[in-house]
Asks: 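A single structure is presented below for examination.
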Amino acid sequence: MTVAKSAVAGIGLCLLFHAGYVIMQQRKQLMSMGIFDQEVISLELGVQILLGTLISLWGGAMIIVQFKPIQSADVAKPSWEQLHTRPNFHTYSSRANVLGPLIKQAVHLPPPPPI
């Protein structure tokens with residue numbers, strides 16, 4: 001059954017590719033004749049493009065129906081801050097414990113602004 005549904009979408013895509021190929025050939029023929037400004041698509045190609053699009057969408061919708069819908073309530077969504085955290089990478093005794101008091105001694109705070 002899934003092969004038939006995929007075939008429907010494939011037939012629609014083949015119609016679209018064929019229409020594109022014919023348009024390219026017509027444009028090449030017009031350019032060889034010296035006509036560069038004509039951008040008209042025939043009615044037959046317009047119908048073929050419309051049918052190919054509709055058949056492809058219908059076949060794709062038939063394929064998509066088989067998938068299980070996503071249950072957003074099942075997954076706990078992490079916050080933005082928790083997306084890139086590594087729990088094994090936390091360091092609590094770093095060089096800031098040693099350098100912090102030295103920096104406070106070396107850097108003098110500016111005087112308070114006058115009132």
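Hydrogens, waters and symmetry mates are skipped; everything else that's a heavy atom, side chains included, is used. All values reported here derive from a predicted model rather than from experimental measurement. Counting from 1, the numbers follow the sequence of the chain as shown.
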Asks: Distance from L13 atom CG to T53 atom OG1, nearest 0.5 Å?
Replies: 9.5 Å
Asks: Closer than 3.5 angstrom, by distance alone: can the side chain of S32 be matched with the main-chain N or O of Q29 as a donor-acceptor pair?
Replies: yes
Asks: So, for I41 and G46, which heavy atoms are closest and what is the spacing to 0.1 Å?
Replies: CG2-N, 4.0 Å
Asks: With a cut-off of 6.0 Å (strictly less than), are more than 12 heavy atoms of other residues, nucleotides or ligands near CD of E44?
Replies: no
Asks: For residues I49 and A19, report the shortest heavy-atom separation together with the two atoms involved.
Replies: CG1-CB, 3.6 Å
Asks: Can you tell me how far CD1 of I23 sits from NE2 of H18, rounded to the nearest 0.5 angstrom?
Replies: 10.5 Å
Asks: Would you name the heavy atoms of L15 and Q48 that are closest together and state the gap between them?
Replies: O-NE2, 3.5 Å
Asks: Do the side chains of F17 and L51 join up, straight or via other hydrophobic residues, at under 4.5 Å, putting them in one cluster?
Replies: no
Asks: Roughly how far, to the nearest 0.5 Å, is CZ of R27 from CE of M24?
Replies: 10.5 Å
Asks: For a quick test of reading the model, state the closest non-hydrogen atom pair linking L16 to S56 and the distance between them.
Replies: CD1-OG, 4.0 Å
